[in-house]
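Along the sequence shown, the residues carry numbers beginning at 1. Just so we're clear, the structure is a prediction, and the values are computed from it rather than from any experiment. Whatever order the structure lists ligands and atoms in, that order sets their numbers, starting from 1.
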Amino acid sequence: MCFLHVHQVFVRQLMNIRYTQAKSILSPQRRGFLTAGERPYTHSLSWATGCQLGALYCGAYCYAQMLPNWHFGRQEGEAWGEALIIKENAPELLERQLSRARKRHDMRIFMSPVTDPYQPIERKLRLTRRCLAVFARYDDLDLLLIQTRAPAVLDDLEWIGAIPYAWLGMTIETDRHNLPYGPTKSQVERRLAAVKRAVEFGLSVQIAVSPCLPYSESFAERLLETGAQRIVIDTFAVGDGSRGARTGKSPFAALADYDWRDDEIAVSLYQQLSEFHAAVEWSGAGFAGIAGRR
Ligand code: SF4
């Protein structure tokens, strides 16, 4: 058992949770990754600083732990995945900001770039669900992308389905479950199954192979079998916002047994999917390329 998996066992005991009343919940996006495509996001929505899933494998390369919000929000000695600062008034703020927005029909919102909207505490707090209920009351936005790694999103299929401009984004970085820095077999299978279920339910679904980790020969086929309408592939070097510098400082860089700076495996997956005529997109341009309703 590797260190990350040992760490995962203790996730609940180590998590420090604090609550705060925030002043704003929609963060304008003017530059950076979420604006890198033809259809840039105008706002992001993250109801927490920190992420409970940070104690899992993805915490080893998560760029959110290198951003100022986390450094100002955490207390001394708290590592990524050990603390969560929750904006408990997120749904009320969202209602206020949407009701006052002048150009709601232009709004394209990414939920959430620096935390996971379906991390375990969502089952207790239902902050994501309450935000979805707010979005459902405003039917004139351009796009809401709900981006998660957690199959717990299946709890909310009906809530997402009630928003005419919503897309579900599910991160599936690989189908391999024997990597010292990757998901378990159950995590892989449950995410693939969650995408299938969401598509069958009638949602618009995008798979984010982000970042693309080493995969098996049947990965492209398995992605296509889910029925997801779009697939976006991203790499450490292109997608970490610093040409690999952030990843180079992360715990993942010490664990990796391959050259993660080389985009070759991601390019090869992109080519395989293209040969199947799949709607496959690349990195930031792909994330910020979903057609909205405008
Ligand atoms: S789920 Fe996302 S935000 Fe949370 S630790 Fe993993 S990569 Fe970071």
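Atom 4 (Fe) of ligand 1 has an N, O or S atom of C51 closer than 2.8 Å.
Residue R243 qualifies as open at atom CZ: its count of foreign heavy atoms under 6.0 Å is 12 or below. When the shell of 6.0 Å around NE2 of H277 is examined, it contains 12 or fewer heavy atoms from other residues, nucleotides or ligands. The local environment of CD in Q21 is crowded, with over 12 non-hydrogen atoms from other residues, nucleotides or ligands closer than 6.0 Å.
Nearest non-hydrogen protein atom to atom 2 (Fe) of ligand 1 is R149 NH1, 3.2 Å. In this structure, atom 8 (Fe) of ligand 1 lies nearest to the protein heavy atom C62 SG, 2.3 Å. When only non-hydrogen protein atoms are considered, atom 6 (Fe) of ligand 1 lies nearest to C58 SG, 2.3 Å.
When the options R108, Q147, Q29 are evaluated for a side chain to side chain donor-acceptor pair (under 3.5 Å) with S44, the one that passes is Q29. Only one option out of D116, T128, T148 pairs with V153 in a side-chain contact (heavy atoms from CB on, under 4.5 Å); it is T148.
Against a heavy-atom cut-off of under 4.0 Å, G54 is close to the following atoms of ligand 1: 5 (S).
When heavy-atom distances to ligand 1 are checked against a 4.0 Å cut-off, Y61 has no atom that comes that close, whether in backbone or side chain.
Nearest-residue assignment for atom 3 (S) of ligand 1 (options T115, L56, T171, L53; heavy-atom criterion): T115.
Salt-bridge annotation for R130 and E92: present, with a side-chain N of the basic residue lying under 4.0 Å from a carboxylate O of the acidic one.
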